[in-house]
There are 2 protein chains.
Amino acid sequence: MAAKRRPFPSVGQKKKRTLQTENKKQLILKVATEVFAEKGFNEATISQIAQEAKIAEGSIYDYFKNKEDLLFSIPEERMENFLSGIHESLEGVKGALNKIRKIIWYHLNFYEKNKDYVVILLQNIQKNPRFNSTRAYRLIREFSKLVVQIIEEGKKEGLIRTDIDSPLLRDAILGAIEHITIRGSILGRLPTLTGAAETLYDFFASGIQPQSSAVTLPLREFLRMKESMGKRIYGKPAKT
Amino acid sequence: MAAKRRPFPSVGQKKKRTLQTENKKQLILKVATEVFAEKGFNEATISQIAQEAKIAEGSIYDYFKNKEDLLFSIPEERMENFLSGIHESLEGVKGALNKIRKIIWYHLNFYEKNKDYVVILLQNIQKNPRFNSTRAYRLIREFSKLVVQIIEEGKKEGLIRTDIDSPLLRDAILGAIEHITIRGSILGRLPTLTGAAETLYDFFASGIQPQSSAVTLPLREFLRMKESMGKRIYGKPAKT
DNA sequence: TAGTTAGGTGAATGATACTCATTTTAAAAA
DNA sequence: TTTTTAAAATGAGTATCATTCACCTAACTA
């Protein structure tokens, strides 16, 4: 046992000590991230991680409850960065659709810049039911709620159809992002992720049907035209 | 070693033997599916599977190379059913969009009816890189190609925008389906999956923007209106 | 200096995937 | 029917980890 013990009651040189401890934890996390990313959770061994971090196997258990806890600890810091980054990048963005566009871009960009991490998160962690009781998972939920909020906001603004089930739309958007990322990581196409952002946004925003067989125009314009004519008009988009 | 051995050169009562062997393999697969679904791959033990199948541990290795091979063998039969079912249900369906709608529905419906299997496939198998060299994975790829084909077909028919990257759209659609399914399985909401199909299709087909702030109408109608006026008209949908 | 404790260690333990020498079973031959 | 033969099945034994714990080291206090 080491890290769990109560620190000195004095305040003297304690900081230095704590810093070293914190450094060691970070070191283990860094090495573990590399090893897990390379070998996968099952094939990675504690002894290999210990060796590469140049510490004893037992020391790992001073900082983490077990191998799985070590794995689940990897996303914590990154998720915090992700979340604060999202909030930052949304500042000043007006309108739900623009926010969604930004989120899609930021999300793919984040994955593109955190390859090792993405492999671990998507392949080893996210679908493990025990991950749900994790701090990092709570952060993911928070993000997930944010997306729903933005969708609801969009409904109120009149920018998103009100008959849409918000959580379902969120799942569709996040699922699409994730799947594209996984395919990218398996096929080694991660560097092009960000380029897919605008296209992906467009699928959801405008749909996949062409505008050539139907014309969409602002309501005001439409009403003006209609007024100056006296004609029967279709209100719904052409369906096949 | 057992199952690998060459059968007798004669033809006599061989069938009975082979059948029993096949049955045993199926039995192991059935029990393994249950155990893996309940405990997850890591927590499930070979000894538990052997016990519940009422056979010796060693026998499992007569039929499967190792634990992972056993896991990866589970999707084979189901994927075959899935694929033939898809082809069947697409018979007589005209138009790429209708086919995509059908695929989304069939996919979600299949998952809804194969709960145990879905949990295993999505949580333990699909994102494992070694799964890529599997027979079952080849079937998934086949399905994946089918979707791309349909999208391309839709472009030629003029039903889908030609500026869309087909594999990207495929990934978005399949990713959305998968994510919704996973959320459903974690939250125990699988029974409502099929209900989400039409909504999901609609996200992609028509987009999420309301028709109230913009009006879409057939090109002929639009041209007729335009002709009888003399006005400047927008050709693109309103963006926020 | 002596005492205290955070911090670190690695051999020992137990669990489990996988192997293999042996036994059992049942088809084919005699 | 009895004998022969190879397929099937077995489970004790092996190797490989994850995890524990009794002990060590060094820094800080008094």
Side-chain angles (χ1 to χ4, degrees), chain A residues 1-28 31-32 35-36 39-73 124 128 130, chain B residues 1-28 31-32 35-36 39-73 124 128 130:
Chain A
M1 295 278 164
K4 280 180 197 166
R5 294 193 200 163
R6 188 172 299 275
F8 280 50
S10 67
V11 200
Q13 288 300 82
K14 193 185 57 183
K15 266 193 179 171
K16 201 182 169 190
R17 210 66 190 284
T18 310
L19 203 65
Q20 277 176 0
T21 294
E22 200 49 35
N23 281 344
K24 195 155 224 166
K25 191 171 183 179
Q26 290 308 317
L27 170 69
I28 296 173
V31 173
V35 176
F36 283 145
K39 301 223 168 178
F41 181 70
N42 287 316
E43 280 63 37
T45 66
I46 292 291
S47 100
Q48 187 188 350
I49 294 170
Q51 247 179 299
E52 297 200 6
K54 295 192 176 67
I55 55 170
E57 289 182 40
S59 295
I60 290 176
Y61 292 88
D62 288 340
Y63 297 91
F64 303 95
K65 234 174 61 232
N66 52 40
K67 195 182 175 188
E68 191 175 83
D69 180 43
L70 171 56
L71 176 72
F72 288 168
S73 298
N124 298 111
N128 185 326
R130 270 186 307 284
Chain B
M1 294 281 163
K4 280 180 198 164
R5 293 197 197 159
R6 188 173 299 278
F8 279 50
S10 69
V11 200
Q13 289 299 82
K14 194 185 56 185
K15 268 194 179 171
K16 201 180 168 189
R17 207 72 189 280
T18 309
L19 203 67
Q20 277 176 359
T21 292
E22 200 49 37
N23 281 344
K24 195 156 222 169
K25 191 170 182 178
Q26 291 306 318
L27 170 69
I28 295 173
V31 172
V35 176
F36 283 144
K39 301 222 169 179
F41 180 70
N42 286 316
E43 279 63 38
T45 66
I46 293 290
S47 102
Q48 187 189 350
I49 294 170
Q51 247 179 297
E52 296 199 8
K54 294 192 177 68
I55 56 170
E57 289 182 41
S59 296
I60 290 176
Y61 292 90
D62 288 340
Y63 297 92
F64 303 95
K65 232 175 61 235
N66 51 40
K67 195 183 174 187
E68 193 175 82
D69 180 45
L70 172 56
L71 176 72
F72 287 169
S73 298
N124 297 307
N128 186 327
R130 270 185 307 282

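Below, chains carry the letters A, B, ... as their sequence lines are ordered, and counting in each starts from 1. Note that these values count all heavy atoms, side chains included, but never hydrogens, waters or copies made by symmetry.
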| Validation row: A:K65, A:F72 side chains within 4.5 angstrom (heavy atoms) | no
| note | Nearest heavy-atom contact between B:E57 and B:S47 is OE2-CB, 3.3 Å
| How is A:A50 classified with respect to the nucleic acid when contacts are heavy atoms under 4.0 Å: base, sugar-phosphate, or nothing? | nothing
| Nearest-angstrom distance from the residue atom CG of A:N42 to C1' of D:dT16 | 13 Å
| said: For a quick test of reading the model: is some side-chain N or O of A:K67 closer than 4.0 Å to OP1 or OP2 of D:dC17? | reply: no
| field | Full working for side chain to side chain contact (heavy atoms under 4.5 Å, CB included) between A:L27 and A:N23 | value | CA-CA 6 Å; A:L27 170 69; A:N23 281 344; over 6 Å; no
| task | Find the distance A:I28:CD1 to C:dT9:P and express it as a whole number of Å. | result | 10 Å
| To the nearest angstrom, how far is A:I60 atom CD1 from C:dG10 atom P? | 12 Å
| message | I want to check one thing: is the phosphate of C:dT9, taken as OP1 and OP2, less than 4.0 Å away from some side-chain N or O of A:Y61? | response | no
| Atom-pair distance (CD on B:E43; P on C:dA17), nearest Å | 10 Å
| said: Within the structure provided, determine whether A:E68 and B:N42 are in side-chain contact (heavy-atom separation under 4.5 Å). | reply: no
| message | Using whole Å, what does the distance between atom P of nucleotide D:dA7 and atom CG of B:N23 come to? | response | 20 Å
| request: Identify whether any heavy atom of A:S59 sits under 4.0 Å from a base atom; if not, whether one sits that close to sugar-phosphate; answer base, sugar-phosphate or nothing. | output: base
| task | Rounded off to whole Å, could you give me the CG-to-P distance for the A:N66 and D:dA18 pair? | result | 11 Å
| What integer distance in Å separates B:D69:CG from C:dA17:C1'? | 14 Å
| So which heavy atom on A:I28 is nearest to which on A:Y63, and how close? | CD1-CD1, 3.8 Å
| field | Separation of D:dT19 P from A:I46 CD1 (nearest whole Å) | value | 6 Å
| In terms of side-chain heavy atoms of B:E57, which of C:dC18, C:dG10, D:dA18 is nearest? | C:dC18
| request: Mind checking B:I55 for me? I need base, sugar-phosphate or nothing, with any heavy atom below 4.0 Å counting as a touch. | output: sugar-phosphate
